[in-house]
Amino acid sequence: MSKILVIAEHLGGKLNSSTARAVSAATAVKGEAIDVLVLADSVDAIASEAAKIDGVSRVLTVARPENAHPLAAILAPQIAKAAAGYSHVFVPSTTFGKDVAPRVAALLGVAQVSDVMSVEAAHTFKRPIYAGNAIITVEADTAHTVVATIRSASWPAAATGASSAPVEALAVDAALPTHTRFVELKQGSSDRPDLQSASKVVSGGRGVGSKENFDIIFKFADRIGAAVGASRAAVDAGYVPSDLQVGQTGKIIAPELYMAIGISGAIQHLTGIKDAGTIVAINKDGEAPIFEIADFGLVGDLFKIIPELESLL
Amino acid sequence: MKILVGYKRVVDYNVRIQVKPDGTGVVTDGVKLSANPFDDIALEEALRLREKGVAEEVVVVGIGPADLTAHLRNGLAMGANRAIHVVAADAVQPLTAARVFLKLVEKEQPGLVILGKQAIDDDANQTGQMLAALWDRPQATFASKVDIAGGKATVTREVDAGLEVIEAELPAVITTDLRLNEPRFIKLPDIMKAKSKPIDTIEFGSLGVEAHDHLKTTHYAAPAKRSKGVMVKDAAELVAALKQKGLL
């Protein structure tokens with residue numbers, strides 16, 4: 001029978017919701033136990049949050065000062081030791097999990113299944129390749145531990161509140177390297193929501209025309225509480241910096257509402273948004289490919305339409 | 001200092017990926033192939049470090065079939081000093097790629113290995129981290145800024161919570177994110193010059209790397225299609241539709 005170890009992601013003493021999403025995926029394995037491992041300098045608050053997630057059998061904690069910041073080189077040897085006796089190690093497919101999980105897999109000498117979208121059987125998973133343009137079914141070797149990252153957008157967070165799993169301190173005998181040091185974390189100073197996790201995103205493309213004109217996109221996004229994105233064409237034209245780029249080589253996002261304004265819809269852009277809940281396209285060219293995948297399309301001049309939208313809100 | 005750069009060839013990012021009707025793979029015959037965009041960024045960063053005098057030599061590494069040579073020539077035309085071609089008939093999985101890199105690292109003794117954060121074909125995002133683990137050296141993934149001084153790399157990393165800065169003693173593995181730099185274009189005279197640069201060829205079988213891959217891909221499928229929606233006639237109709245869905 002399967003025993004799954006889920007690695008908790010946390011920041012500032014709080015559990016990240018990606019952890020409960022990874023627990024959902026662990027539940028789909030239908031194993032005999034799901035344990036959550038919390039590695040931190042101060043574990044109590046995080047562990048008690050994790051203990052409330054439905055389906056969790058035990059919460060294991062490793063409290064060490066070295067675990068104050070999520071450095072993969074420090075965490076991976078501890079996770080690899082803690083993985084003994086487990087058939088699966090699940091880690092959220094966030095920048096945290098993407099950083100640490102392959103390091104764990106390599107220490108265990110096993111392959112990793114990245115971005116698990118569905119669990120077909122204990123060792124069979126579906127995952128996206130080519131930025132989600134193809135979905136593959138992969139079978140992991142049953143003789144080895146399965147290390148997998150769990151694609152957050154594909155899994156609901158497991159419910160919390162009803163249960164209260166026991167919390168146990170785990171003694172992990174792992175030598176930790178000193179070659180990697182945390183310096184600082186600069187968190188976004190802007191009041192605007194983060195592009196990667198926002199529920200609404202307004203993106204501008206080459207049709208916006210200039211860096212100055214992009215203000216209309218920022219203002220409209222602020223009006224509806226949305227994050228701002230851009231097409232590669234707008235980034236290449238220098239209208240906005242590349243951290244706003246949405247698409248295959250930029251950010252792949254899945255907001256509830258995506259508004260593409262002045263974006264024609266190159267394949268590389270469509271790839272980044274096709275998991276969005278509702279896609280709105282506003283473009284003066286009625287033949288633009290973006291309209292092929294938009295739930296609501298509006299043909300017209302964005303500089304006329306956006307003020308109209310604002311006046312209607 | 002020497003820098004090793006991973007330089008993978010993938011289906012070009014502008015190609016519309018088609019899954020074969022029988023589910024055995026994606027169509028790659030006659031499809032345009034290019035350098036993995038994140039690997040171009042890795043190579044550009046290595047070249048800039050050489051231009052700053054931080055590194056003396058930049059070596060691009062490719063793993064793949066015999067015809068990978070033309071692709072490696074592009075890396076040389078962009079500015080790498082030489083290339084290493086590990087000849088393997090089949091695509092290798094990330095753990096195997098990391099083991100190959102470890103063999104090359106032992107031979108070449110680089111101060112830095114720079115890889116793309118992921119390849120845009122398998123989207124695994126694993127090889128750099130796995131190499132760092134096997135090599136027992138630091139990793140700085142998703143880099144958007146790299147400073148090398150005093151035997152260490154200070155790297156700004158793009159993480160979900162913002163920008164994280166870490167220090168890594170050299171040698172180390174860095175994986176690149178989109179914002180790190182803008183790769184240069186290859187100029188015609190550089191293509192001519194690249195023809196005389198060396199490409200070392202190493203047979204995969206001669207490296208003593210275990211070729212067993214743990215993951216088997218059993219089926220390929222196209223993603224669920226989005227259905228074409230409706231056209232609205234004006235802003236008022238759009239706002240009404242979005243309000244009805246509870247989105248505004």
Side-chain angles (χ1 to χ4, degrees), chain A residues 11 72-73 76 94-95 98-99 102-103 105-107 110-114 128-141 144 179-188 196 224 242-243 245 248-250 256-257 267-268 274 278 280 292-298 305 308-309 312-313, chain B residues 13-14 16-17 19 26 37 93-95 98 120-126 129-130 132-134 136-139 141-142 154 158-169 178-179 213-223 226 228-232 235-236 238-239 241-242 245 247-248:
Chain A
L11 181 69
T94 53
T95 53
K98 287 173 178 174
D99 188 41
R103 191 154 183 135
L107 292 177
V110 301
Q112 173 184 301
V113 184
S114 294
I129 59 170
Y130 291 102
N133 286 306
I135 311 296
I136 55 172
T137 306
V138 291
E139 282 178 14
D141 196 336
H144 295 96
H179 54 45
T180 310
R181 291 174 292 274
F182 174 86
V183 178
E184 63 174 327
L185 175 65
K186 298 177 210 163
Q187 283 174 277
Q196 192 78 64
I224 65 166
S242 63
D243 56 322
Q245 186 177 321
Q248 183 170 21
T249 51
E256 285 166 34
L257 173 64
I267 300 149
Q268 102 101 26
K274 62 187 168 38
T278 298
V280 173
E292 291 299 312
I293 66 152
D295 298 280
F296 299 107
L298 177 52
I305 292 170
E308 280 171 18
L309 289 173
L312 288 161
L313 293 171
Chain B
Y13 71 87
N14 267 320
R16 189 182 289 274
I17 297 295
V19 175
V26 300
Q93 289 181 9
L95 182 59
I120 62 165
D121 50 4
D122 63 15
D123 284 335
N125 197 330
Q126 299 173 12
Q129 296 89 314
M130 287 180 158
L134 300 174
D136 199 13
R137 293 305 307 166
Q139 69 188 49
T141 52
F142 325 141
T154 303
E158 301 217 348
V159 296
D160 294 335
L163 296 173
E164 184 191 69
V165 182
I166 63 169
E167 271 178 16
E169 288 170 15
L178 198 64
R179 262 210 283 182
D213 285 330
H214 291 154
L215 296 182
K216 253 200 243 76
T217 298
T218 56
H219 187 71
Y220 292 73
R226 288 191 78 95
K228 191 169 157 53
V230 296
M231 299 303 284
V232 293
L238 178 60
V239 168
L242 294 178
K245 292 193 103 182
L247 291 165
L248 281 182

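To find a chain, count down the sequence lines: A is the first, B the second, and so on, and within it residues start at 1. Nothing here was measured: the structure is a model prediction, and the numbers come from that model.
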Only pairs of heavy atoms separated by less than 4.5 Å count here; which of B/Gln93, B/Gln126, B/Lys216 has the most with chain A? B/Gln126
Quick check on B/Tyr220 against chain A: is it the side chain, the backbone, both or neither that has a heavy atom closer than 4.5 Å? both
Would you mind telling me which of A/Val138, A/Ile136, A/Asp141 has the largest number of heavy-atom pairs within less than 4.5 Å of chain B? A/Ile136
Tell me if a side-chain donor or acceptor on A/Thr95 pairs with a main-chain N or O of B/Asp160 at a distance below 3.5 Å. yes
In plain terms, say whether B/Glu169 and A/Arg181 are close enough for a salt bridge, that is, a side-chain N and a carboxylate O under 4.0 Å apart. yes
Specify which of A/Gly132, A/Gly297, A/Ala111 makes the most heavy-atom pairs with chain B at under 4.5 Å. A/Gly297
Of A/Asp243, A/Val280, A/Leu313, the largest count of non-hydrogen pairs under 4.5 angstrom with chain B goes to A/Asp243
Are side-chain heavy atoms of A/Leu185 and A/Leu11 found at a separation under 4.5 Å? yes
Output the option from B/Gln139, B/Glu158, B/Lys245, B/Arg16 having the highest count of non-hydrogen pairs under 4.5 Å with chain A. B/Gln139
Which bit of B/Leu238 is near chain A, if near means a heavy-atom gap under 4.5 Å: side chain, backbone, both or neither? side chain
Between A/Asp99 and A/Ala72, what is the shortest heavy-atom contact and its length? OD2-CB, 3.4 Å
Do you know which of A/Arg103, A/Glu256, A/Glu139, A/Gln245 has the most heavy-atom pairs under 4.5 Å to chain B? A/Arg103
Between B/Val230 and chain A, which part of the residue has a heavy atom less than 4.5 Å away: side chain, backbone, both or neither? both
Find the one option among B/Asp121, B/Ile17, B/Thr154 whose heavy-atom pairs under 4.5 Å with chain A are most numerous. B/Asp121
Which bit of B/Val19 is near chain A, if near means a heavy-atom gap under 4.5 Å: side chain, backbone, both or neither? side chain
Region of A/Ile267 that comes under 4.5 Å of a non-hydrogen atom in chain B: side chain
What residues, two or more places apart in sequence or in another chain, satisfy ring-ring contact (aromatic ring centres under 6.0 Å, His included) together with B/His214? A/His144, B/His212
Ignoring hydrogens and angles, state whether a donor on the side chain of A/Thr278 or A/Asp295 is under 3.5 Å from an acceptor on the partner side chain. no
Please state whether the side chain, the backbone, both or neither of A/Ala131 comes within less than 4.5 Å of a heavy atom of chain B. both
For the candidates B/Leu248, B/Leu134, B/Leu247, which exhibits the highest count of non-hydrogen atom pairs separated by less than 4.5 Å from chain A? B/Leu247
At a heavy-atom separation under 4.5 Å, does A/Ile135 approach chain B through its side chain, its backbone, both, or neither? both
Shortest non-hydrogen pair, B/Met130 vs A/Ala105, comes out as CE-CB, 3.8 Å
Contact class of B/Ala98 relative to chain A, heavy atoms under 4.5 angstrom: neither
Largest heavy-atom contact set with chain B, pairs under 4.5 Å, which of A/Thr249, A/Leu257, A/Ile293: A/Thr249
How about B/Gln129 and B/Thr141: does a side-chain donor come under 3.5 Å of a side-chain acceptor? no
A/Lys98 and B/Phe142: which non-hydrogen atoms are nearest, and at how many Å? CB-CZ, 3.8 Å
Side chain, backbone, both or neither: which part of A/Ile224 has an atom under 4.5 Å from a heavy atom of chain B? side chain
Greatest number of heavy atom pairs closer than 4.5 Å to chain B - which of A/Asn133, A/Leu107, A/Thr94, A/Leu298: A/Leu298
At a heavy-atom separation under 4.5 Å, does B/Pro223 approach chain A through its side chain, its backbone, both, or neither? both
Checking B/Leu95 against chain A: side chain, backbone, both or neither under 4.5 Å from a heavy atom? side chain
Interface residue of largest heavy-atom contact number with chain A, from B/Pro138, B/Ala124, B/Gly229, under 4.5 Å: B/Pro138
Do B/Pro37 and B/Ile120 come close enough that some side-chain heavy atom pair is under 4.5 Å? yes
Residues B/Leu163, B/Arg179; criterion side-chain contact (heavy atoms from CB on, under 4.5 Å); working and verdict: CA-CA 12 Å; B/Leu163 296 173; B/Arg179 262 210 283 182; 3.8 Å; yes
